[in-house]
K.L.:
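One structure coming up, written as structure tokens, with questions to follow.
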Amino acid sequence: MEKITDILQQHNFQFKKHFGQNFITDTHLLQSIVHLSGIDKNSTVVEIGVGAGTLTAELARQAKKVYAFEIDKSLQPILEKTLQGYNNIHLQFIDFLKLDLHQFEQEIVPYIVVANLPYYITTPLIMKLIEESKKVKKLYLMVQLEVAQRICSRENCADYGAITAILAQCCAVRIIKKVAKQLFMPMPKVDSAILELIYMPNKIPVLDLQYYKKTVKAAFSNRRKMLANNLQQSFHLTKEECSMLLHKSNLTSTIRGEALNPIQFARLADNLFIHITKKD
């Protein structure tokens, strides 16, 4: 097999900043990603962001079937070369964020997601899969290190935010490997990390999932404000109602949203749900 750098040069490929293209060329890293994801001959894999196909080929060597999605159609002649000889890859040139996931999943068995993601797509992609998928089991995502740290952060930390608490309700999340920026082409400005998300629906039980999400988003809508003020505005409650709900949830009246852990958010969301549905 020719070097990927040579193949890219032969096709005069130009990296596109708006797609956040940083390809993995290090063989050891590619093998490590596949090994850490636990893929075997029985696995069905969805890869999002194929790039030059280096990870796709490594996945195809180990998995039963690889459904690969790439947004940049100019990579087609390159991928015809790098993925030549693999008959278990189903490649589509489409923006995964626009994919009808319900229709796609009617055709396949439960699957594992593996992706090397640019910054701009990380949160939308994770939320699409968590909110729409019925068959995703685990996600192994190469993301910027700071994004991975934010997703894995805890309450009372500067990195802690809505995405952290929302994912904690339905996923077991951890960083499984840090990756130096020198292992990408072109080299990005920051290091990356492999993020593991194991999907566990209702890991933290809630009465209404949408109320949980709305409560979390309300809490972080203005980090400088106290939680009570944010709840008043988002749920159209009186000051007295907020005070009562916070007390019922064993929270102080002056607490800020960033101080609540996901279990506390769940208790508060349930109390909000009960109170507001009774009013209606």
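Remember, predicted model here, so these are calculated numbers, not experimental data.
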K.L.:
Evaluate whether atom CD of Gln14 has more than 12 neighbouring non-hydrogen atoms of other residues, nucleotides or ligands under 6.0 angstrom away.
P.N.:
no
K.L.:
Sequence neighbours left out, what passes salt bridge (charged side-chain N to carboxylate O under 4.0 Å, His left out) with Asp270? Give chain and number order.
P.N.:
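Salt bridge (charged side-chain N to carboxylate O under 4.0 Å, His left out) check on Asp270 returns nothing, list empty.
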K.L.:
Residues in ring-ring contact (aromatic ring centres under 6.0 Å, His included) with Phe69, at least two apart?
P.N.:
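Applying ring-ring contact (aromatic ring centres under 6.0 Å, His included) to Phe69 gives Phe96, Phe104.
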K.L.:
Is there a path of hydrophobic side-chain contacts, each under 4.5 Å between heavy atoms, that joins Leu209 and Met200?
P.N.:
no
K.L.:
Check which hydrophobic residues are tied to Met226 through side-chain heavy-atom contacts below 4.5 Å, counting indirect links as well, and list them.
P.N.:
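Direct or chained contacts put Met226 with none.
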K.L.:
For residues Phe13 and Phe23, establish whether the separation of their ring centroids is below 6.0 Å.
P.N.:
yes
K.L.:
Are more than 12 heavy atoms, taken from residues, nucleotides or ligands other than Lys128, located less than 6.0 Å from that residue's NZ atom?
P.N.:
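Yes.
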K.L.:
Heavy atoms only: give me the nearest Cys152-Val173 pair and the separation to one decimal.
P.N.:
SG-CG1, 3.7 Å
K.L.:
Please enumerate all residues that pass salt bridge (charged side-chain N to carboxylate O under 4.0 Å, His left out) together with Glu80, with sequence neighbours excluded.
P.N.:
none
K.L.:
For the residue pair Phe265 and Phe220, categorise the inter-ring angle as parallel (less than 30°), tilted (30 to 60°) or perpendicular (more than 60°).
P.N.:
tilted
K.L.:
Return the minimal non-hydrogen interatomic distance between Pro186 and Asn22, and the atom names on each side.
P.N.:
O-ND2, 2.7 Å
K.L.:
Could you list the donor-acceptor pairs under 3.5 angstrom formed by side chains in residues 245-253, with sequence neighbours left out?
P.N.:
{"unit_1": "Ser249", "atom_1": "OG", "unit_2": "Leu245", "atom_2": "O", "d": "2.8"}
{"unit_1": "Ser249", "atom_1": "OG", "unit_2": "Asn271", "atom_2": "ND2", "d": "2.8"}
{"unit_1": "Thr252", "atom_1": "OG1", "unit_2": "Ile255", "atom_2": "N", "d": "3.3"}

K.L.:
With a 6.0 Å cut-off (strictly less than), is the heavy-atom count around NZ of Lys98, excluding the residue itself, greater than 12?
P.N.:
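Counting neighbours around NZ of Lys98, 12 or fewer heavy atoms of other residues, nucleotides or ligands fall under 6.0 Å, so no.
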K.L.:
If you group Ile, Leu, Val, Met, Phe, Trp and Tyr by side-chain heavy-atom gaps below 4.5 Å, do Val136 and Ile94 land in one group?
P.N.:
yes
K.L.:
Compile the donor-acceptor pairs under 3.5 Å between side chains in residues 159-172 and protein atoms, sequence neighbours left out, one pair per line.
P.N.:
{"unit_1": "Tyr160", "atom_1": "OH", "unit_2": "Leu260", "atom_2": "O", "d": "2.6"}
{"unit_1": "Thr164", "atom_1": "OG1", "unit_2": "Arg150", "atom_2": "O", "d": "2.9"}
{"unit_1": "Thr164", "atom_1": "OG1", "unit_2": "Gly161", "atom_2": "N", "d": "3.3"}
{"unit_1": "Thr164", "atom_1": "OG1", "unit_2": "Gly161", "atom_2": "O", "d": "3.4"}
{"unit_1": "Gln169", "atom_1": "NE2", "unit_2": "Asn202", "atom_2": "OD1", "d": "3.0"}
{"unit_1": "Gln169", "atom_1": "NE2", "unit_2": "Ile204", "atom_2": "O", "d": "2.9"}

K.L.:
Using the rule given for side chain to side chain contact (heavy atoms under 4.5 Å, CB included), can you reason through Phe235 versus Lys214, listing the C-alpha separation, both sets of side-chain angles and the distance that settles it, and then say yes or no?
P.N.:
CA-CA 9 Å; Phe235 289 93; Lys214 188 176 179 180; 3.6 Å; yes
K.L.:
For Arg61, does the CZ atom have more than 12 heavy-atom neighbours from other residues, nucleotides or ligands under 6.0 Å away?
P.N.:
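Counting other residues, nucleotides and ligands, CZ of Arg61 exceeds 12 neighbours.
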K.L.:
I'd like to know if Val109 and Ile89 are part of one continuous hydrophobic network [Ile/Leu/Val/Met/Phe/Trp/Tyr, side-chain heavy atoms within less than 4.5 Å].
P.N.:
no
K.L.:
When hydrophobic residues are tied together by side-chain contacts of less than 4.5 Å, even through go-betweens, does Met127 share a cluster with Val206?
P.N.:
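Yes, same cluster.
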K.L.:
In this structure, are over 12 heavy atoms from other groups packed under 6.0 Å from Ile263 atom CD1?
P.N.:
no
K.L.:
Tell me if the CD atom of Glu132 is crowded by more than 12 foreign heavy atoms within 6.0 Å.
P.N.:
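Yes, CD of Glu132 has more than 12 neighbouring heavy atoms, counting only those of other groups under 6.0 Å.
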K.L.:
How close do Glu58 and Leu30 get, counting heavy atoms only, and between which atoms?
P.N.:
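Closest pair (atom of Glu58, atom of Leu30, distance): CG-O, 3.9 Å.
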K.L.:
Which one of Thr122, Leu117, Asp191, Val190 satisfies the side-chain contact (heavy atoms from CB on, under 4.5 Å) criterion with Gln144?
P.N.:
Val190
K.L.:
If you take all heavy atoms of Asn88 and Ala60, which pair is closest and at what distance?
P.N.:
ND2-O, 2.9 Å
K.L.:
Is Ile176 linked to Met142 within one hydrophobic cluster, defined over Ile, Leu, Val, Met, Phe, Trp and Tyr using a side-chain heavy-atom separation of less than 4.5 Å?
P.N.:
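They do share one cluster, since a chain of ILVMFWY contacts under 4.5 Å joins Ile176 to Met142.
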K.L.:
In a check of side chain to side chain donor-acceptor pair (under 3.5 Å) between Tyr111 and each of Glu105, Lys138, Lys135, which one passes?
P.N.:
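The passing option is Glu105.
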K.L.:
Compare every heavy atom of Cys242 with every heavy atom of Leu231, then report the nearest pair and how far apart it is.
P.N.:
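In this case the closest contact between Leu231 and Cys242 is CB-SG, 4.0 Å.
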